[in-house]
Each structure stands twice: as C-alpha cells, then as structure tokens.
Student: 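Got a structure for you, written out below as structure tokens; questions coming shortly.
The structure displayed is predicted, hence computed values, not measured ones.
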Number of protein chains: 2
Amino acid sequence: MTDSDDQPERKRGTGSRLVYDTLREEILSLVLQPGEPIDEIGLADRLSMSRTPIREALVRLAADGLVTLLPNRSTVVSQIDFPNLHRFFDAMTLMYRVTTRLAAEFHDAEDLVEIRARQDAFARVVVAGDTAGMIQLNRDFHVAVAEAGRNPYYLQLFSRLLDEGRRILRLYYYPTFEPRLPHPYIQEHEAMIAAIAERDVDTCDRLAKDHADKIVQQIQQMMARDLRQDIKL
Amino acid sequence: MTDSDDQPERKRGTGSRLVYDTLREEILSLVLQPGEPIDEIGLADRLSMSRTPIREALVRLAADGLVTLLPNRSTVVSQIDFPNLHRFFDAMTLMYRVTTRLAAEFHDAEDLVEIRARQDAFARVVVAGDTAGMIQLNRDFHVAVAEAGRNPYYLQLFSRLLDEGRRILRLYYYPTFEPRLPHPYIQEHEAMIAAIAERDVDTCDRLAKDHADKIVQQIQQMMARDLRQDIKL
DNA sequence: TGCATTTTATTTGTCGACAAGATTCTCTAG
DNA sequence: CTAGAGAATCTTGTCGACAAATAAAATGCA
C-alpha cells in the first residue's frame with residue numbers, strides 16, 4: 001500500500017473547499033510555519049486531485065491574507081507582520097468594543113444560548129489545560145458575540161483579526177502557559193455575557209476594552225521577555 | 001471585422017488581473033447590474049483567454065463580496081444588501097472617524113501632498129459636473145487619508161465599504177444630482193486636511209463624523225423619496 | 001578554487017477537453 | 001390545452017498537458 005488515502009468519492013465542487021479548510025487550519029495552527037513554501041503538486045498528490053481546485057483555494061487564502069502569491073514563483077505562508085503589530089492591537093481592541101456593544105443592542109434569546117454554549121466549551125478546555133483548544137474556543141466565543149451584533153462588516157474584519165491572533169498567540173502564549181483556576185478570562189467573559197443580557201452598552205464597551213487591553217498587555221510582556229532571552233543568549 | 005479586440009500580446013500572469021480589474025470596474029459602475037449573471041465563456045471569448053484565469057478572478061471578486069458563486073450554477077453580481085444598509089452606514093461612519101483620526105496622528109509630509117492632490121482632482125470633477133468622477137474621486141480622497149493613517153486592517157475594510165458605497169451612490173445619488181458651487185463636501189474635505197495637518201485628532205474625529213452623518217442622511221432622504229415614488233405608481 | 005555563463009530541471013500560468021450537474025426543450029398522456 | 005417525464009443542450013468543476021518563467025546544476029574560464 002503506497003497510497004495512504006484511498007479516494008473517498010468526493011462530491012463535485014467540494015475539492016476547493018477541502019483544500020481551503022485544510023490549509024487554513026494548518027496555517028493558523030502553525031503546522032505550516034510563516035514563510036514556508038506551499039507545494040501545489042505535493043498537495044494535489046496528497047489530496048488526490050488536480051492542481052486546479054488547489055490553486056483556487058490558494059487564491060482564496062491569499063484574499064484572506066494567509067498566504068502570499070509570488071508571481072511565477074512559489075506560494076508561501078504569509079509572514080506575521082510584526083512591524084504592524086501595534087496596528088493589529090489597535091484594530092483588535094476597536095473590534096472587541098464595537099462587536100460587544102452591538103451584541104448588547106441587537107442580540108436575541110437564541111444568541112445568548114449560543115454565546116453561553118461557546119463560553120461553556122471555553123471553560124471546559126481551560127479546565128482541561130488544553131491551550132490550543134483555549135485559543136480556538138476563545139475565538140469562537142467572540143465570534144458568537146459578534147454574530148449577535150448582526151454587523152457582517154465588523155464580523156468579517158474581526159474574524160480575520162482573531163485568526164491572525166491565533167497565530168500570534170500560538171507563538172507567544174502557548175510555551176509559557178500554566179493553567180490556573182478560576183481563570184480571569186472566564187470571569188471576564190461571564191461579566192460580558194451578563195452585560196449583554198442586560199443590554200448595558202456602556203458596561204459592554206468598558207469590559208471589552210479592559211479585556212482587549214489585558215490580552216494585548218500580556219502578549220507584549222511575553223514578547224518583551226522573549227526578546228530579552230534572545231539578547232541573553 | 002468580427003473581432004473588435006486583436007490580442008495585444010499579454011504578458012504571462014496578467015490575465016487574471018485584467019479580468020479582475022475589468023469586472024470590478026463594471027460591477028462598481030453598475031454596467032453589470034446586481035443579480036446579473038456572469039458568462040465565463042463569453043468573457044473568455046471577449047478577452048481572448050481561457051476560462052482558467054477568469055475563474056481565478058471570479059474567486060477573488062467573490063472574496064471581495066462583489067460576486068456570488070452559486071455552486072454548479074452561474075456566478076452572479078452580488079445584490080446590494082438593503083436589509084443591512086444601516087449596518088453599512090454604521091461601519092462606514094466608524095471607519096471615516098478612525099481613519100481620519102489616525103491620519104492626524106501618523107501622516108507625514110508626503111501623505112499631505114497625496115491627499116491634497118486627490119482633493120484637487122475631486123474639486124475639478126465637481127466643477128465639471130462629472131458625477132461619476134465625483135463618486136470615484138471622493139473615494140480616492142478618503143483612501144488617501146486612510147493610507148496616511150497607516151493601519152492596513154482599517155484600510156481594507158474602509159476600501160471595501162467605499163466600493164460598496166459607489167454602487168449605492170450610483171443608484172440613489174446620480175439621478176438627482178444638480179451641481180452647485182462651492183460644494184459643501186469640498187469645504188468639509190478642506191477642513192479635514194487642515195485638521196490632519198495640525199494633528200488635531202479630536203477635530204478630525206468630529207469632522208469625519210459630521211461628514212459621514214451628512215452623507216448617510218442624504219442617501220436616506222433620497223431612498224425615502226424613491227420609495228414614495230414607488231408607492232405613488 | 002572561485003566566479004560567470006550556459007544548460008538542465010523544476011514549477012507556475014494557461015489552455016483545450018471532458019464529465020457531472022443544471023436548465024431548457026420536446027413529446028406524450030391525460 | 002396543460003402537466004410531467006424524458007431527451008437534448010448548456011454551464012460548471014476538474015483534469016492532464018504544455019509552454020513561459022524561474023531555480024538549480026553543470027560547465028567553462030580566470
């Protein structure tokens with residue numbers, strides 16, 4: 001058996017989506033590292049399809065900013081844009097605030113159920129000490145809040161920022177994580193849910209800002225520590 | 001002469017870009033109306049290339065939200081999302097404010113030259129009574145301001161919103177436009193430039209908000225008028 | 001041995017073709 | 001004359017192949 005995958009009879013039209021989802025997950029989880037080239041032919045071979053749907057997926061990933069298409073040269077996983085990191089934090093903070101505010105204004109009962117479910121899932125992985133899951137489910141929680149806010153434009157930008165944040169957090173947060181309960185983020189999420197349910201826009205804004213500031217501060221501390229270590233060596 | 005275009009020896013790799021730019025312009029200027037299907041074969045014939053680069057361009061346009069890919073069915077120009085229009089206005093107003101604020105903070109001398117150039121171009125088409133050009137160059141002005149603000153995340157969202165705005169303005173603004181000088185928008189742009197140059201963040205914020213509110217209000221008035229006419233008939 | 005240049009090999013962008021799925025047309029039964 | 005099943009047509013998604021462009025290797029020269 002030279003071929004590990006036998007063809008599972010994919011349906012017509014699902015090829016590009018499969019490649020897109022696979023690559024996206026591998027990029028965001030740093031299985032594919034920034035700068036790493038992506039081999040079209042290898043992928044075609046691995047997923048047993050032609051290059052056409054793969055190139056289509058790469059074009060979509062490029063639109064998301066996850067890969068960079070170098071003309072007539074290889075496609076590479078996009079670098080994390082460190083010189084622009086403070087701009088990233090700025091946009092992230094604004095989106096935290098805006099989406100949480102809008103959630104307080106426009107949510108309905110079903111939204112609260114969904115948000116609550118995400119928060120419970122988040123709490124579970126925190127208890128389990130599953131850091132990768134924590135990053136993922138924190139993202140899901142805030143996406144659920146943003147969806148309750150009903151603004152697709154903010155949702156799109158916020159999703160993109162949260163994805164980019166997944167890569168950054170993986171780099172700086174994961175190696176230094178030590179589980180402790182009750183985790184402050186869980187409590188902050190709980191406070192947000194309460195404020196959203198009470199439709200208290202101002203409190204939502206304040207909580208979101210504090211939450212964002214804390215995350216940014218934490219990442220910056222870790223980055224600084226990281227840099228010092230580099231100098232020490 | 002059955003064929004209007006002779007092939008101008010395109011360079012390798014420019015095919016998709018040509019299609020993308022062409023379609024994008026035709027969509028935003030409403031030459032291609034919302035809901036209109038896009039014929040891949042026809043385009044391939046017209047631009048004398050194969051369907052592959054055309055499909056690639058369509059995928060990119062779909063990522064921008066300008067077209068909708070219906071699986072196994074035709075690709076159509078995206079509808080203008082009227083039920084979400086107030087969310088569009090909300091996001092637009094926020095981006096006006098944020099980008100103008102950041103321009104005041106982070107611009108340099110070259111940015112001011114560029115912004116001034118766009119404003120002059122804008123003023124020229126206003127004088128000429130060229131409404132289509134007005135819409136286009138108003139967009140260019142604000143993109144220049146956003147570029148001076150140096151935040152690529154805001155710039156991307158703002159560009160998308162301004163593009164979508166081009167379609168909406170074409171629908172509601174164009175038919176009712178009557179030129180008058182000095183146009184208030186020119187004066188408001190001038191005030192913005194002055195506040196940016198003085199790095200007066202608060203004034204920028206106020207001016208941007210007022211500018212956005214005025215535009216939104218004007219569009220809403222025209223839409224209301226339009227609706228009344230529909231009822232009358 | 002080191003550097004410049006030609007040759008080879010790999011990879012990308014584009015093409016024409018074909019099959020699955022959807023749409024339209026046609027023919028027949030009621 | 002209408003409605004529905006089936007056939008024919010058209011469009012899309014995918015494929016394998018080929019040529020342009022780049023990268024790598026090999027060769028020649030100082």
Student: Which sits closer to the 5' end of DNA chain D, A:N72 or A:T14, going by the nucleotide each is nearest to?
Tutor: A:T14
Student: Would you kindly give the CD-to-C1' distance between A:E56 and D:dT12, to the nearest whole Å?
Tutor: 11 Å
Student: Pair B:D39, B:R46 - check salt bridge (charged side-chain N to carboxylate O under 4.0 Å, His left out), show working.
Tutor: CA-CA 10 Å; B:D39 179 21; B:R46 183 150 72 92; over 6 Å; no
Student: Please tell me which of A:R12 and A:L70 maps to the more 5' nucleotide of DNA chain C, matching each residue to the nucleotide holding its nearest heavy atom.
Tutor: A:L70
Student: What is the distance, rounded to the nearest whole Å, between atom CZ of A:R17 and atom P of D:dG13?
Tutor: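 Nearest whole value for this atom pair: 14 Å.
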Student: Just the endpoints, please: which first and last nucleotides of DNA chain C, 5' to 3', lie under 4.0 Å from a heavy atom of chain B?
Tutor: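 The contacted stretch runs from C:dT12 to C:dT23.
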Student: In whole angstrom, what separates B:E40's CD from D:dT11's P?
Tutor: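 Distance check: B:E40 CD to D:dT11 P gives 10 Å.
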Student: Rounded to the nearest Å, what distance is computed from the CG atom of residue B:L58 to the C1' atom of nucleotide D:dT11?
Tutor: 13 Å
Student: How many Å lie between CZ on B:R55 and C1' on D:dT12, as a whole number?
Tutor: 6 Å
Student: DNA chain D: A:R73 or B:I41, which has the more 5' nearest nucleotide?
Tutor: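 Here B:I41 is the residue nearer the 5' end.
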Student: Can you list every pair that meets ring-ring contact (aromatic ring centres under 6.0 Å, His included) and has a residue in residues 148-167 of chain B, with sequence neighbours left out?
Tutor: A:F88-B:Y153, B:Y96-B:F158
Student: Using 0.5 Å steps for rounding, measure from the CD1 atom of B:I215 to the OH atom of B:Y185.
Tutor: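 The CD1 atom of B:I215 sits 4.5 Å away from the OH atom of B:Y185.
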Student: Quick one: does any side-chain atom of B:D120 pair with a main-chain N or O of B:A117 as donor and acceptor, under 3.5 Å?
Tutor: no
Student: Determine whether a donor-acceptor pair (N or O, by modelled atom type, separation under 3.5 Å) exists between the side chain of A:R167 and the backbone of A:L28.
Tutor: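 Not confirmed, A:R167 side chain does not pair with A:L28 backbone.
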Student: In a check of side chain to side chain contact (heavy atoms under 4.5 Å, CB included) between A:I38 and each of A:V76, A:L61, A:I54, A:L58, which one passes?
Tutor: A:L58
